[in-house]
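Presented below is the structure to which this report refers.
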Protein chains: 2
Amino acid sequence: MQDPSEEAPARWESLPSWLLTQTASHAHRLVTEGFSSVGARGYHYRLLATLERFGPASQAALGRRSGIHLSDMVATINELADRDLVERAPDPADRRRNIISLTAAGKRQLRRLEKRLAECQDALLAPLSPGERQRLTELLSRLLDHHNRRTGTPEEPWRGPGSARAPSR
Amino acid sequence: MQDPSEEAPARWESLPSWLLTQTASHAHRLVTEGFSSVGARGYHYRLLATLERFGPASQAALGRRSGIHLSDMVATINELADRDLVERAPDPADRRRNIISLTAAGKRQLRRLEKRLAECQDALLAPLSPGERQRLTELLSRLLDHHNRRTGTPEEPWRGPGSARAPSR
DNA sequence: CCAAAATCGTTGGTGCGTCCAACGGTTGGT
DNA sequence: ACCAACCGTTGGACGCACCAACGATTTTGG
């Protein structure tokens, strides 16, 4: 979008879905700008953060944990590997797999991205008081939770106390 | 996204920008599904609604009022015109322009889309009480307003009481 | 033990929304 | 008569999310 203007408030502009997607688009813009100022994009951050949180893993596992589609992991890892922010090495134990790990440079990049991200949150919520920010966060969490439950995200049907996946025989 | 799962709440999942964009993506999904069930998409609705609100106009004017980029107006109008939901006629008074107008079928389609849209709002906000819905809407409006002010949207710099554009020299 | 099923990485393509650059045709101010 | 501004159109781009299909490999269950 670029220019509603004309001092004309169209009908749809007060719909929650519109408010949500438009505000989100501002949020996205802020974050994208912040990231691109250090040559990164959203997927890069998510992948780096996932790597730091869970440690080295195969591309498929990273995809599951970060919510990035397998198809998109390839390009994302390529881009990060080209800049030596992650390392892609074959898994000796399973020749189908690559093991992706975070490099020192990758960790530094992650720190930068987190910094930007924090600044973005502040810019995003600028007009709200701390209390209002909290309430907004709470409401959004509830909504997100609700819709995640009833859409795909459930996943991981069962996997009782027994450690890693080793369902049956 | 498709499957965070793994019962692992990643760091970024509590950031307002994340909550916002993810919730928005659910909203967008709901709306898109609702629209596509009658063979339409977001731009179609916005264009039809703009037409009904302001009456027939040139593509450029519609673009400004609906916030749809001129480049995208072309395809949008093509799609709607192919289905006889709008009519594209040359403006006799200005041969650069096309005058786009809503047909009776277009109006009916708009009614259908509005119906879907209303259902979507309800599905979207399902877990919230009326009061909470109101508060969410209010908070989002404030945010959107804030960011619209400081981003492009201002537009229409001046255009004093003097009717149409006739700035300087 | 071996064949069928499942997984992994990869390529290439889809869709939506948003935006940009460039073009030729038209108009209007001077 | 000129040139600036506007109009519609085309073709491209990007980010995010997804799907289908493939070869290579591993796991499985009969």
Side-chain angles (χ1 to χ4, degrees), chain A residues 1-4 18 21-22 24-29 31-33 35-36 40-47 57-64 66-79 81 88-100 151-153 165-169, chain B residues 1-4 18 21-22 24-29 31-33 35-36 40-47 57-64 66-79 81 88-100 151-152 164-169:
Chain A
M1 177 154 335
Q2 195 164 224
D3 154 9
W18 175 262
T21 54
Q22 290 311 294
S25 125
H26 281 290
H28 184 259
R29 183 180 43 75
V31 171
T32 296
E33 284 169 5
F35 282 174
S36 79
R41 58 195 184 95
Y43 278 7
H44 295 170
Y45 165 71
R46 266 157 74 181
L47 184 47
S58 72
Q59 300 185 186
L62 289 172
R64 280 187 291 268
S66 65
I68 298 175
H69 199 103
L70 278 215
S71 318
D72 303 316
M73 281 300 312
V74 179
T76 305
I77 294 178
N78 285 345
E79 290 157 12
R88 188 196 248 130
D91 183 343
D94 185 337
R95 278 186 295 173
R96 288 173 304 181
R97 291 190 174 105
N98 291 332
I99 296 191
I100 310 302
T151 325
T153 319
R165 55 209 49 162
S168 54
R169 65 164 16 267
Chain B
M1 181 156 330
Q2 191 162 228
D3 155 8
W18 176 261
T21 54
Q22 291 310 295
S25 124
H26 281 290
H28 184 260
R29 183 180 44 75
V31 171
T32 297
E33 284 169 5
F35 282 174
S36 78
R41 59 194 183 94
Y43 278 6
H44 296 172
Y45 165 72
R46 264 157 74 181
L47 185 46
S58 72
Q59 301 185 186
L62 289 173
R64 281 188 290 269
S66 65
I68 297 175
H69 198 104
L70 277 213
S71 318
D72 305 314
M73 281 299 312
V74 179
T76 306
I77 294 179
N78 285 344
E79 290 157 12
R88 188 198 247 130
D91 182 343
D94 185 338
R95 277 188 293 173
R96 288 172 303 179
R97 290 191 174 104
N98 291 333
I99 296 192
I100 311 302
T151 325
R165 56 212 49 160
S168 55
R169 76 172 355 274

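Labels below follow one simple rule: chain letters A, B, ... track the order of the sequence lines, proteins then strands, and each chain is numbered from 1.
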Margin query: Between C1' on D/dG8 and CD1 on B/Ile100, what's the gap in Å once rounded to a whole number?
Written below: 10 Å

Notebook entry, point to check: Between A/Ile77 and B/Ala93, who's closer to the 5' end of DNA chain C by nearest nucleotide?
Noted result: A/Ile77

Between the protein and nucleotides 3-7 of chain C, which nitrogen or oxygen pairs come in under 3.5 angstrom?
residue, atom, partner, partner atom, Å
C/dT7, O4', A/Arg96, NH1, 3.2
C/dT7, O2, A/Arg96, NH1, 2.9

Item checked: Whole-Å distance separating the CG atom of A/Asn98 from the P atom of D/dT25 -> 12 Å

Item checked: Separation of atom CE in A/Met73 from atom C1' in D/dC19, rounded to whole Å -> 18 Å

Notebook entry, point to check: Would you say B/Thr32's side chain and B/His28's backbone share a donor-acceptor pair under 3.5 angstrom?
Noted result: yes

Margin query: Between A/Gln22 and C/dG17, is there a contact of a side-chain N or O with OP1 or OP2 at under 4.0 Å?
Written below: no

Margin query: Using whole Å, what does the distance between atom C1' of nucleotide D/dC7 and atom NE2 of B/His69 come to?
Written below: 13 Å

Notebook entry, point to check: Using a cut-off of less than 4.0 Å, is there contact between a side-chain N or O of B/Gln59 and OP1 or OP2 of D/dC6?
Noted result: no

Notebook entry, point to check: Just how far, in rounded Å, is P of C/dT10 from CD of A/Glu79?
Noted result: 13 Å

Note to self: So if I apply the side-chain hydrogen bond (donor to acceptor under 3.5 Å, both in side chains) rule between A/Gln59 and each of A/Arg64, A/Arg97, A/Arg88, which one comes out positive?
What the structure shows: A/Arg88

Item checked: Nearest-angstrom distance from the residue atom CZ of A/Arg95 to P of D/dT26 -> 5 Å

Next item on the list: Could you tell me the separation between the CG atom of B/Asp91 and the C1' atom of C/dG28, rounded to a whole number of Å?
Entry: 15 Å

Nucleotide N/O of nucleotides 11-16 of chain C paired with protein N/O under 3.5 Å:
none

Note to self: Mind checking if A/Arg29 touches a base, just sugar-phosphate, or nothing, with heavy atoms under 4.0 Å?
What the structure shows: nothing

Margin query: A/Leu62 vs A/Ile68, test: side-chain contact (heavy atoms from CB on, under 4.5 Å). Steps then yes/no.
Written below: CA-CA 8 Å; A/Leu62 289 172; A/Ile68 298 175; over 6 Å; no

Next item on the list: State, with a plain yes or no, whether a side-chain heavy atom of A/Tyr43 is found less than 4.5 Å away from one of A/His69.
Entry: no

Checklist line | Side-chain N or O of B/Arg88 closer than 4.0 Å to phosphate OP1/OP2 of D/dT9 | finding: yes

Next item on the list: Could you state the atom-to-atom distance from CG of A/Leu62 to P of C/dC8 in whole Å?
Entry: 11 Å

